[in-house]
Amino acid sequence: MNIAGVIVDVPAKQTDKTFDYKIPDKFLDVIKPGTRVIVPFGPRKIQGFVTELKDQSSFAKLRSIIEPLDLTPVLNEELLLLGAWLTEHTLSYKISVYQAMLPAALKAKYEKKLVLSKGTERSELPNDLVDLFLDHREIKWDDAVAKGLVQKLQKEAAAGRVEVVYQVKDRVRKKMLKHISPALETEQLQAARTELPSQASGQQAVIDFFLEHPEPVEQRLLLTTLGISQATVQSLLKKGIVKTEELEVYRDPYSERKFEKRVSLKLTVEQETAIRPILSSIETEQHEVFLLYGVTGSGKTEIYLQSIQEVLRKGKEAIVLVPEISLTPQMVTRFKERFGDLVAVMHSGLSAGEKYDEWRKIQRKEVKVVVGARSAIFAPFENIGIIIIDEEHETSYKQEENPRYHARDVAIQRAKTFACPVVLGSATPSLESFARAQKGRYTLLSLPKRMNNQALPAVEIVDMREELRSGNRSMFSVRLFEKIKDRLEKKEQMVLFLNKRGHSSFVMCRDCGYVMNCPHCDITLTYHRYNEQMKCHYCGYEDKVPTVCPECHSEHIRYFGTGTQKVEEELLKLIPEARIIRMDVDTTGRKGSHERLLNAFQDGQADILLGTQMIAKGLDFPNITLVGVLSADTMLNLPDFRSSEKTFQLLTQVSGRAGRHKLPGEVVIQTYSPEHYSVELAGTQDYDRFYQQEMLMRKGHQYPPFYYLSLVTVSHEELMKAVAVTEKIAQFIHSRLSKDAVVLGPVASPIPRINDRYRYQCLIKYKKEPELSTALKSILEHYQQEMGSGGLQISVDLNPYIMM
DNA sequence: AGCACGCCGACT
DNA sequence: GTCGGCGTGCTC
């Protein structure tokens, strides 16, 4: 077994296979499947993943692996298999999949350099090159290019005075710090202490310290805790009483914070009923998917925590996925309080180094629980006992770049391997999941009541068309404004929510709320400034922008868009004394600012929390008694068949922020389409009826969960080329599928041009098409050459969430 | 993805 | 006659 099959770090169709290399004898015991290695590849050196070991290769002359990058494989057998599965299910390159499974820090960086050859002196070079190597024997290739000296240098290279060197670098180094530890056993240490001169109090203190704690301690820490100087340590070192070593330390993003240990809460009867099947699945080690459907504030988190506790008791590990946006300090705290140091946290707020350290803790089995966003699903645990996905309906679980995976699918796949349960939790489950629960593929667990029977907040829907009619042109309705003033007087807090994702413009009548829809697709038409047209991105339908409302003939018809900053300004104009904290991408950009703003709000430093998406979830402040949604429509009018579902989910989530504790909560939803079922039913928090209604729509228009979707997006600099290729692809797919499948397109993508590239797409709706994957693969194969050089790009998304 | 090899246009 | 354009094909 001295040959390794290696997947090389070159994301291209032609290199998407294993390359065989000889393993040098000295690395035979280190290199295993899952190890990263540096291999020669053509003239360069690149990183690769060993995926298999073998005795024979069909290749006659093999080159050798240069060196391994890991002492322990970064991918274990299960993850390698999972990678193969993912490749198949996302049609991505193997290398992209493996890289997606690991922290970015493990991705190689490459450097191309020019080095003075051995035995060559700087003075032997031509005059204009001498300075380049002034105080090093090497220079960066890019610098040489910038100075326009490449040709000259290449001549030197041909003459053997300069060499081109390729280097593979790790992105992040392990953080090493100097540690001190005793060099002697306890008794000898004791003896050494007595031999010290009596005035050597510092040295005595150090020995006393090590008699208590014999393990290595960071030097800086030792000096400060004992109040001694470096010199003291030096003399002990000379005497051979202590020794130093460089040890890896973790960057701990939570080191500053103290967590009080909390114990389990008593479960309510409902929670008790809901948790039982989960516990039994853990107990009997039977894979099962649970949909934990519980209204906001019904205590889902406590069920997660206690299930995990049971898993840990069995000596197994747990993965908890939380949407990036709600991976709030509050959430992390609850897990840290319960499980202390056994928890690793992974989210985008961490630096690459911090993420890597958290990952290392998992790999080294120093933690048992990981709480993290999407990519935490790849946590390298080897004995998973449960996978929990909170806010299961969130679309951020779907990765929108290659590999285009859905964390839910990966979770189920891994859980099958480990024969453990998956718990999908949500107050507003995705239609897909709820439908599966209805069909019995998932086990439905319900928590219909809030804990301590707190009533759901009263929701009032305000018709903004009425407001306009009665002369109120501001963005606050009379009702909402009254309530804001009332809360300010009572010194209670409130949250104002503005959905910012309404940017893709749509046209709406301010008088009657009429929004232009596509007659064939039930999807909002998008306004295009460049040709003053309304357009459907699903079927290509086009219409003129109306000057008067087709419905009520009003002239107040215009397109929409507004921002948090504008709301803040207007609010301050009306109520100058209001203390507002604004949370959006602008104010939370810097690291830690998210947490700081929320803490400020919690401490009562502001009355109003104004924000976008990010304040919709997970917040749990006792003093919030009013939630205002400024415009419920923005999301409803996105060109997306899930827009109703997203609107309902969002409104329900936001409403759930109010009155979670002693004070009752109120919600005001402002809208131009109060009669739309997603708004209306969010008002009564009636998921079940929403589900029924939305399922009818989906069935009628052949959308998930009745049909699967696949999306092929073609882009090219030339419009005609993009259209023509998409057309051919559509025809080809059509010919390969059964008559039950629907192939739509070519249609311009919702973003028809990015970076001067025209984008066309083809949407496939189908129930069961075993040939589809093969067909898509052969398309990618067929256009391979053109994708390399001709500037053509084709991307395939099996089960897209964003239609762009 | 790089990089080398190789075959056609504008220059010393 | 040469330098250099980027099309084509390969990397174990």
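Lettering follows sequence order; numbering is per chain, from 1. On a predicted model such as this, the values are computed, not experimentally measured, just so you know.
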Revision key, fill the gap. So, with a heavy-atom separation below 4.0 Å from DNA chain B, the residues of residues 42-55 of chain A are A/Pro43, A/Arg44
Revision key, fill the gap. Those residues at least two apart in sequence (or on a different chain) that pass salt bridge (Lys or Arg N to Asp or Glu O under 4.0 Å) with A/Glu769 are none
**Study point:** Quiz item: cation-pi between A/Lys113 and A/Tyr166, 6.0 Å / 45°
**Key:** no
Revision key, fill the gap. Applied to residues 61-76 of chain A, the salt bridge (charged side-chain N to carboxylate O under 4.0 Å, His left out) test, sequence neighbours excluded, yields A/Arg36-A/Asp70
**Study point:** Listed partners of A/Tyr397 passing ring-ring contact (aromatic ring centres under 6.0 Å, His included), at least two apart
**Key:** none
Study note, to complete from the structure: A/Arg63 atom CZ is separated from C/dT11 atom C1', nearest whole Å, by 8 Å
Check your understanding: A/Gln793 CD to B/dA1 C1': how many Å, rounded?
Key -> 14 Å
**Study point:** Residue-phosphate contact under 4.0 Å: A/Lys112 side-chain N/O, B/dG2 OP1/OP2
**Key:** no
Check your understanding: For the pair made of CG in A/Leu62 and P in C/dT11, what is the distance, rounded to whole Å?
Key -> 12 Å
Check your understanding: Atom OH of A/Tyr166 and atom P of B/dG2: how far apart are they, to the nearest Å?
Key -> 10 Å
Point to revise | is_close_aromatic(A/Phe41, A/Phe19), centroid dist under 6.0 Å | key: yes
Review point. Can you name the one residue among A/Trp359, A/Tyr98, A/Tyr405 that meets ring pair (Phe, Tyr, Trp, His ring centres under 6.0 Å) with A/Phe378?
Key: A/Tyr405
Would you tabulate the pairs of protein nitrogen or oxygen atoms and nucleotide nitrogen or oxygen atoms of nucleotides 1-3 of chain C closer than 3.5 angstrom?
none

Check your understanding: Checking A/Arg44 against A/Tyr110: charged group under 6.0 Å from the ring centre and within 45 degrees of the axis?
Key -> no
**Study point:** Selection: residues 5-19 of chain A, any non-hydrogen atom under 4.0 Å of DNA chain B
**Key:** A/Val10, A/Pro11, A/Ala12, A/Gln14
Review point. Between A/Arg759 and A/Ser749, do the side chains contain an N or O donor and an N or O acceptor separated by less than 3.5 Å?
Key: yes
Check your understanding: For the pair made of CZ in A/Phe59 and P in C/dC10, what is the distance, rounded to whole Å?
Key -> 11 Å
Review point. Would one find more than 12 heavy atoms of other residues, nucleotides or ligands at under 6.0 Å from atom NZ of A/Lys155?
Key: no
Point to revise | More than 12 heavy atoms of other groups within 6.0 Å of A/Asp55 CG | key: yes
Revision key, fill the gap. Taken to the nearest whole Å, OH/A/Tyr21 to C1'/C/dC12 is 5 Å
Point to revise | Donor + acceptor pair across side chains of A/Tyr21, A/Ser64 (<3.5 Å) | key: no
